[in-house]
Asker: 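Have a look at the structure that comes next, please.
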Amino acid sequence: MSVRRLLALPLLAALLTGCGIRATEVPTDFGGAPSRTPCSLASPDTSTQAAHGVPVQVFLLCGSLVTVDRTVRVPEGTPDARRRVIVAQGLLDQLAASPSAAEKAAGYLTYVPGGIGVTGPGPKDPEDTLRLSTPPARLTSYALAQLVCTLSDSSATEGDGSVILGGPAPSPLRRYDCTDDVRSHPGTTKPPSGEVKGG
């Protein structure tokens with residue numbers, strides 16, 4: 001009886017091997033592999049955020065550009081021109097900060113370097129100009145996309161989907177646009193821009 005069992009083992013192994021999926025040269029398309037980064041977060045408590053400052057949104061990276069909620073402190077009674085600069089600086093600082101543990105777990109990251117300062121317009125600049133301590137041209141495509149889309153969608157600008165940026169005066173100014181292509185492909189699509197007279 002034991003001899004029969006021993007003889008049956010090779011036959012059983014051969015049968016099991018034949019049950020595998022055979023290779024085929026016919027192309028198949030069952031879609032891409034499932035993503036391991038969900039790029040979604042639980043809804044934040046906006047009432048708690050509002051108590052600590054002005055609610056704002058910044059764009060982080062998770063394949064494409066995605067918005068996350070933040071707050072920026074603005075003293076009451078601040079004049080509009082000064083308020084714009086304070087909000088812009090707060091947004092830059094938030095972009096440069098490391099994402100939270102929950103954001104990292106969801107696959108969020110940022111390419112905006114720390115230490116970038118911002119000032120308002122020079123004497124001959126358009127009134128909605130923001131001048132950066134680091135010229136925009138020196139930023140990576142990812143960082144520039146994050147910065148342009150964050151600022152252009154905030155109270156630091158006119159809210160028309162664009163922002164006038166320049167390096168320290170008297171460097172030239174450019175108006176940058178945050179487009180759908182920039183939001184979808186921030187690494188390969190730079191924000192379109194045009195020269196602006198000023199400085």
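Computed over heavy atoms, backbone and side chain alike; hydrogens, waters and symmetry mates excluded. These numbers were taken from a predicted model, which means no experiment stands behind them.
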Asker: Would you say that L91 contacts V56 through its side chain, given a criterion of any heavy-atom pair below 4.5 Å between the two side chains?
Answerer: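 Side-chain contact under 4.5 Å: yes.
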
Asker: Are L109 and L65 in one and the same hydrophobic cluster, where Ile, Leu, Val, Met, Phe, Trp and Tyr link if side-chain heavy atoms are under 4.5 Å apart?
Answerer: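 Cluster IDs for L109 and L65 match.
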
Asker: According to side-chain hydrogen bond (donor to acceptor under 3.5 Å, both in side chains), does anything in residues 175-184 pair up with another residue at least two apart or in another chain? List the pairs.
Answerer: S162-R175

Asker: Got a sec, which residues hit side chain to side chain contact (heavy atoms under 4.5 Å, CB included) with T129, two or more places apart in sequence or on another chain?
Answerer: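 By the side chain to side chain contact (heavy atoms under 4.5 Å, CB included) rule, T129 matches P121, D125, P126, R131, I164, L173.
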
Asker: Hey, what do you get for CG (L132) to CG (L139), rounding to the nearest 0.5 Å?
Answerer: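 Reported to 0.5 Å precision, the distance equals 7.5 Å.
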
Asker: What's the separation between atom CG in L60 and atom OG1 in T67, rounded to the nearest 0.5 Å?
Answerer: 9.0 Å

Asker: Within the side chain of S152, is there an N or O that forms a donor-acceptor pair under 3.5 Å with the backbone of V163?
Answerer: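 Looks like no, no N/O pair under 3.5 Å.
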
Asker: Per the ring pair (Phe, Tyr, Trp, His ring centres under 6.0 Å) rule, what does the pair list look like for residues 123-170, sequence neighbours excluded?
Answerer: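 Those involving residues 123-170 are Y111-Y142.
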
Asker: Do S141 and T189 make a side-chain contact, defined as non-hydrogen atoms from C-beta onward lying under 4.5 Å apart?
Answerer: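 Side chain of S141 against side chain of T189, heavy atoms only: no contact under 4.5 Å found.
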
Asker: Indicate yes or no: at least one non-hydrogen side-chain atom of T150 is less than 4.5 angstrom from one of L92.
Answerer: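 Result no, sub-4.5 Å side-chain heavy-atom pair not found.
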
Asker: In terms of hydrophobic clustering (I, L, V, M, F, W, Y; side-chain heavy atoms under 4.5 Å; direct or indirect links), are Y108 and L147 co-clustered?
Answerer: yes

Asker: Would you mind listing every side-chain hydrogen bond (donor to acceptor under 3.5 Å, both in side chains) that reaches into residues 74-93, with sequence neighbours excluded?
Answerer: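 Sorted result for residues 74-93: Q89-D93.
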
Asker: Same cluster for F59 and V118 if Ile/Leu/Val/Met/Phe/Trp/Tyr side chains link at under 4.5 Å?
Answerer: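 Per the 4.5 Å side-chain linkage, F59 and V118 are not co-clustered.
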
Asker: So which heavy atom on S154 is nearest to which on L151, and how close?
Answerer: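 Answer, listing the atom of S154 first, then L151: OG-O, 2.8 Å.
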
Asker: If I compare all heavy atoms of S133 with all of G117, which pair ends up nearest, and what's the gap?
Answerer: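 S133 and G117 have their closest heavy atoms at OG-N, 2.7 Å.
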
Asker: Give, for atom CG of L165 and atom CG of L144, the distance between the pair rounded to the nearest 0.5 Å.
Answerer: 7.5 Å

Asker: With sequence neighbours excluded, what pairs up with R138 under the side chain to side chain contact (heavy atoms under 4.5 Å, CB included) test?
Answerer: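 Applying side chain to side chain contact (heavy atoms under 4.5 Å, CB included) to R138 gives T134, P135.
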
Asker: Determine the minimum heavy-atom distance between A145 and P191, stating which atoms define it.
Answerer: CA-CG, 3.9 Å

Asker: Contact between T110 and L61 at the side-chain level, heavy atoms closer than 4.5 Å - yes or no?
Answerer: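 Of all side-chain heavy-atom pairs linking L61 with T110, none is under 4.5 Å.
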
Asker: Considering non-hydrogen atoms only, spot the tightest contact between P113 and A96 and give its length.
Answerer: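 Minimum heavy-atom separation between P113 and A96: O-CB, 3.5 Å.
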
Asker: What's the verdict on side-chain contact (heavy atoms from CB on, under 4.5 Å) for V74 and V87, showing C-alpha distance, side-chain angles and the deciding distance?
Answerer: CA-CA 7 Å; V74 181; V87 170; 3.9 Å; yes

Asker: Is there any disulfide (SG to SG under 2.5 Å) pair reaching into residues 152-181, and which pairs are they, with sequence neighbours excluded?
Answerer: C149-C178

Asker: Mind listing the closest non-hydrogen atom pair of P186 and S64 along with its distance?
Answerer: CD-CA, 4.2 Å

Asker: What I'd like to find out is whether the side chain of V54 reaches to under 4.5 Å of the side chain of R70, using heavy atoms alone.
Answerer: no

Asker: Does any part of the side chain of D128, heavy atoms only, come nearer than 4.5 Å to the side chain of T157, both counted from C-beta?
Answerer: no

Asker: Could you check whether any side-chain heavy atom of P75 comes within less than 4.5 Å of a side-chain heavy atom of I86, counting everything from C-beta outward?
Answerer: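 Contact flag for P75/I86 side chains = yes.
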
Asker: Just do the side-chain contact (heavy atoms from CB on, under 4.5 Å) check on E103 and C62 with the steps written out, would you?
Answerer: CA-CA 10 Å; E103 290 164 351; C62 193; over 6 Å; no

